[in-house]
Amino acid sequence: MLSMNFKQRVITDLQAHVALSEEQIASLIERPKNAKLGDYAFPVFALAKIEHKNPVVIARDLAEKLSDPAFSQIQAVGPYVNFLIAHDCLVSETLHEVLTQQTAYGTQHIGSGNVPIDMSSPNIAKPMSMGHLRSTMIGNAIANILTKVGYTPIKINYLGDWGTQFGKLIYAYKTWGDEEAVKRDPINTLVKYYVEFHQKAEQDPSLDAQGRAWFKKLESGDKEALYLWRWFRDASLKEFKRIYGELDVHFDSITGESDFNDKMTPIISQLEDKHLLKTSQGAKIVDLGEDQNPALIQKSDGASLYITRDLAAAIYRKQKYDFVMSLYVVGNEQGEHFTQLKAVLKLMGYDWSDQIHHIPFGLITSGGKKLSTRKGNIIMLDKVLKDAVSLAHEQIAVKNPDLENADQVAHDVGVGAVVFHDLKNERLDNFDFDLKEVVRFEGDTGPYVQYTNARAQSILRKAKKPIELTSLALTDDAAFSVAKDLAEFPEIIKKSAERFEPSVIAKFALNLAKKFNKYYAKVKILSDDDQLNARLALVSATSLVLTESLRLLGVHAPQRM
RNA sequence: GGCCCUGUAGCUCAGCAGGAUAGAGCGACUGUCUCCUAAACAGUAGGUCAUCAGUUCGAUUCUGAUCAGGGUCACCA
C-alpha cells in the first residue's frame, strides 16, 4: 500500500542513507520550479558541508542508492537529487482519496477550542463600505478555514454603535434634520447629516463641543438621546442584515459597543485598583512606557473611548468563551489600538493577552486617497454588489441566454467576483478601488474558477454514469498536473489556517482551475475508451476541490453559468 | 520626527523558514469554436526582483542602512 504522502516517502527513502534527522530532511526538500526536473528535490549542500565532499558527487552516489516504486525516476542533476513521481500512481491515489472523502477532503486537526473572531463591525448610521467587505469576508473565510482544521470559531459582529460620533449625529439631526427623510432612506440621510456636521464643524469648532455634549448625555441615559440613537441603530441594522444576506454571511453574535456601556465603570475602577491610571491633561491614561504612546482610557469630560469599550469586550469574551485565540479582523491602520489593548490587558495581569491577535488588512483607497466617511468620500458596498450583479446578468445574456435561474447565477457570479477579488491578494496589500477590476469576469478572477467548475459539472451531467473507484490511473502530463494540485489541497488548507490568510486558498483555486482548463482543452474527456472512468474521476475530484475552495472563501459555485 | 506596513514586467500581483533558466493575470500583438460551455486554450513581446552594504559555497528571499509610497502618533473609531 503506497502512502498518500509522497513527500513523506521521499523523507523515508532519504533517511536510510543520510545522516540527517527527519525534520532536517523535511525542511530541505523542495519543489523544483521546473516540473520537468522532478516533483521533489533534495539539495545536498547540507551534506557537502558535513562530509566535505563535492555536492555533485554526493548527489550522484545518493541517487544510485535510492529506489522506490512510487517514483518513476530518482536522478541526480548537479547538486540535487530529483524525485519524479510515477504519474499513474499519484493520479490514482489522489483521485481515490478525494472521491472517498468527498467534501471532507482536506479536513484535518491543527487545534481545537473556541476562537471568537471580531469581524465586519460596521458603524451604525453609516453605509457599509468596501473596507467592511474586507473585514467581513476575510473574517468569514478565516472562520470557515479554522473550522476545517478543528477549531470552533465564533463570528462576532461588534457594531460601532457608541461614541462621540453619535453625539454629533444627534446634534446634526436635531439641528437641521428631517424626520421624513430619515424614514425614507435612513442610512444615506444620516450619513449626509454626519458629513454636513463635519463640514460645518470646520467653520465653527464649537460644534465639536456640542457633539461631545450630546454623547455625554447619551452615555448618562438621556431619554431623548437614547430614543434617537435606538431609532438610528435599528434602521441601520435592518439595512446591514440585507447586505449580509446578499453575501451569505451569518454571525454567531451581534453585539455593540453600547452593550458594554455599563461595564465602563468596573473597568475603570479595576484599572484604578491596580494603580495603572494616571491623570494627564484632565483625562485618564495608562502609561505604557517610553517607547509607546499612552492609552487614553477616559476623556476629560468622563466619557468612554474606543479602547475602554474594547477592554471590557475582550475580558467579557474571555469569560464567556474561554477562547484559545481571539481574533480581530480590523484594518492595518488600527494596529496601534491593538498593541495598546494587549499592553493594557497585560498590565492588568491577564496573561491571555497573548492570545489576542490583530488580523490586519490593507487599506482600500480611491484615486489614491484614503476613504473617509466624514469627508463623504466612500465606496458603498451595496452599489458595488448591485453593479457586479447587473454586469453578470449582461454576461449571461451574451454567453448563455437560455440559462435557467439566471437571476440566482448572476447573483452568485457578480457577488463572487467582488468577494474573490477581495480575497485573492494577500490581506495586507493595499489596493486602489477600480470597479472595472473588481467586477472582471476573465483571467484571475472568481468567475474564472466558477466557470471552470461549471464546465466540469457539465461534463459530469453529460457522462450520465457513476464513477467507479477502481482503475483511476492516468499517465498524461495534463492529468498529472491537475492531480498534483489536488494532492496539495490539505497542505494549502494548513498553510492558510496558520497564516490566517484566505488568499492562499484563492490562489490555489486559480492554479487548479488553470490546470484543469488546460486539460480540458487538450483531452477529449467524454470519449468512450477504457480510461473514461479515470478521466471522469479527475473531473469530479477537481469540481469537488474547486467547490470546497470557493466554499471556504464564502463564494458560491453555480452548477451552470 | 517615532512606530507599523509596502517597494518584483507598462498595470495588478505571485514566488521568498536562502538554492538549479524569476512566474501569473490584465493591457498589446498572433492563432484556435462543423469538436465535452471560447467567462476558455495555445503562442509572441515585456525584468539590473527600489538602491547600497553585510551574513553565506549561494540572497528576489535573511540582516542593517538609504531612498520612495501609504498608515498612525491623546480626548474619532
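Every heavy atom of this structure was used, including side-chain atoms; hydrogens, water molecules and symmetry mates were not. In the text below, chain A, chain B and the rest are named by the order of the sequence lines, each starting its count at 1.
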Answer yes when A/Arg317 and A/Asp118 have at least one side-chain N-carboxylate O distance shorter than 4.0 Å, and no when they do not. yes
Ion pair present between A/Arg535 and A/Asp529, side-chain N to carboxylate O less than 4.0 angstrom? yes
Quick one: look up who [N] pairs with, Watson-Crick or G-U, both distances under 3.5 Å, and put none if it's unpaired.
{"N": "B/G25", "answer": "B/C11"}
{"N": "B/C16", "answer": "none"}
{"N": "B/G1", "answer": "B/C73"}
{"N": "B/A53", "answer": "B/U63"}
{"N": "B/A42", "answer": "B/U30"}
{"N": "B/G58", "answer": "none"}

Is the phosphate of B/A77 approached by A/Tyr306 (side-chain N or O, under 4.0 Å from OP1 or OP2)?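 Checking A/Tyr306 against B/A77: no side-chain N or O falls below 4.0 Å of OP1 or OP2.
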Whether A/Lys462 contacts B/U37 is assessed here as follows: a side-chain N or O lying under 4.0 Å from the phosphate OP1 or OP2. Is that the case? yes
Using a heavy-atom cut-off of under 4.0 Å over every strand shown, decide if [X] touches base, sugar-phosphate, or nothing.
{"X": "A/Lys514", "answer": "sugar-phosphate"}
{"X": "A/Pro32", "answer": "base"}
{"X": "A/Arg427", "answer": "nothing"}
{"X": "A/Lys522", "answer": "nothing"}
{"X": "A/Gln281", "answer": "base"}
{"X": "A/Val523", "answer": "base"}
{"X": "A/Ser280", "answer": "base"}
{"X": "A/Leu526", "answer": "base"}
{"X": "A/Ser458", "answer": "base"}
{"X": "A/Asn82", "answer": "base"}
{"X": "A/Arg440", "answer": "sugar-phosphate"}
{"X": "A/Lys507", "answer": "sugar-phosphate"}
{"X": "A/Leu510", "answer": "nothing"}
{"X": "A/Tyr448", "answer": "sugar-phosphate"}

Going through the distances and angles, do A/Trp214 and A/Phe166 end up as a ring-ring contact (aromatic ring centres under 6.0 Å, His included)? CA-CA 8 Å; A/Trp214 271 103; A/Phe166 299 104; over 10 Å; no
Given the [atom1] atoms of [N] and [M], what is the spacing between them in whole Å?
{"N": "B/U6", "M": "B/C41", "atom1": "C1'", "answer": "35 Å"}
{"N": "B/C62", "M": "B/G15", "atom1": "P", "answer": "12 Å"}
{"N": "B/U66", "M": "B/G1", "atom1": "P", "answer": "10 Å"}
{"N": "B/U12", "M": "B/G7", "atom1": "P", "answer": "12 Å"}
{"N": "B/G70", "M": "B/U63", "atom1": "C1'", "answer": "24 Å"}
{"N": "B/A39", "M": "B/C26", "atom1": "C1'", "answer": "15 Å"}
{"N": "B/G43", "M": "B/C49", "atom1": "C1'", "answer": "26 Å"}

Among the candidates [options], find the nucleotide nearest to the side-chain atoms of [X].
{"X": "A/Ala41", "options": "B/U72, B/A39, B/A20", "result": "B/A20"}
{"X": "A/Leu305", "options": "B/A40, B/A77, B/A42", "result": "B/A77"}
{"X": "A/Phe431", "options": "B/C13, B/A40, B/A38", "result": "B/C13"}
{"X": "A/Arg455", "options": "B/A20, B/U37, B/A77", "result": "B/U37"}
{"X": "A/Asn425", "options": "B/C13, B/C57, B/A38", "result": "B/C13"}
{"X": "A/Glu336", "options": "B/C73, B/U37, B/A74", "result": "B/C73"}
{"X": "A/Glu333", "options": "B/A77, B/A14, B/G71", "result": "B/G71"}
{"X": "A/Leu428", "options": "B/A38, B/C5, B/A20", "result": "B/C5"}
{"X": "A/Leu37", "options": "B/C13, B/A77, B/A20", "result": "B/A20"}
{"X": "A/Thr164", "options": "B/C76, B/A39, B/U37", "result": "B/C76"}

Please test A/Arg455 against A/Asn517 for side-chain hydrogen bond (donor to acceptor under 3.5 Å, both in side chains), starting from the C-alpha separation and ending with a verdict. CA-CA 9 Å; A/Arg455 279 177 136 185; A/Asn517 278 322; 2.8 Å; yes
Quick one: classify the glycosidic conformation of B/C33 as syn or anti, with syn meaning within 90° of 0.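 You should classify B/C33 as syn.
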Which way is the base of B/A53 turned, syn or anti, if we draw the line at 90° from 0?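 This nucleotide is in anti.
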State whether A/Phe500 and A/Arg427 meet the cation-pi test: NZ (Lys) or CZ (Arg) under 6.0 Å from the six-membered ring centroid, and within 45° of the perpendicular axis.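 Here A/Arg427 fails the 6.0 Å and 45° test against A/Phe500.
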Report yes or no: is the cationic atom of A/Arg212 (NZ for Lys, CZ for Arg) under 6.0 Å from the centre of the six-membered ring of A/Tyr171, at an angle within 45° of the ring normal?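 Verdict for A/Tyr171: no cation-pi partner in A/Arg212.
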Atom-pair distance ([atom1] on [X]; [atom2] on [N]), nearest Å:
{"X": "A/Lys515", "N": "B/G23", "atom1": "NZ", "atom2": "P", "answer": "14 Å"}
{"X": "A/Glu437", "N": "B/A24", "atom1": "CD", "atom2": "C1'", "answer": "13 Å"}
{"X": "A/Asp432", "N": "B/C26", "atom1": "CG", "atom2": "P", "answer": "21 Å"}
{"X": "A/Asn34", "N": "B/G15", "atom1": "CG", "atom2": "C1'", "answer": "15 Å"}
{"X": "A/Phe338", "N": "B/A77", "atom1": "CZ", "atom2": "P", "answer": "13 Å"}
{"X": "A/Lys126", "N": "B/C76", "atom1": "NZ", "atom2": "P", "answer": "12 Å"}
{"X": "A/Asn430", "N": "B/C13", "atom1": "CG", "atom2": "P", "answer": "9 Å"}
{"X": "A/Phe197", "N": "B/C76", "atom1": "CZ", "atom2": "C1'", "answer": "11 Å"}

Is any side-chain heavy atom of A/Gln75 less than 4.5 Å from a side-chain heavy atom of A/Leu84? no
Is it true that A/Phe338 and A/His357 have ring centroids separated by less than 6.0 Å?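 No - the distance between ring centres of A/Phe338 and A/His357 does not fall below the 6.0 Å cut-off.
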Indicate, with yes or no, if the rings of A/Phe232 and A/Tyr173 have centres closer together than 6.0 Å. yes
Using modelled atom types only, decide if a donor and an acceptor are shared between the side chain of A/Lys342 and the backbone of A/Ile356 within a distance under 3.5 Å.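 It does hold such a pair.
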Tell me which of A/Pro294 and A/Asn511 sits closer to the 5' end of RNA chain B, going by the nucleotide each one is nearest to.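 In this pair, the answer is A/Asn511.
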Heavy-atom nearest nucleotide on RNA chain B taken for A/Asp429 and for A/Lys399; more 5' hit belongs to A/Asp429
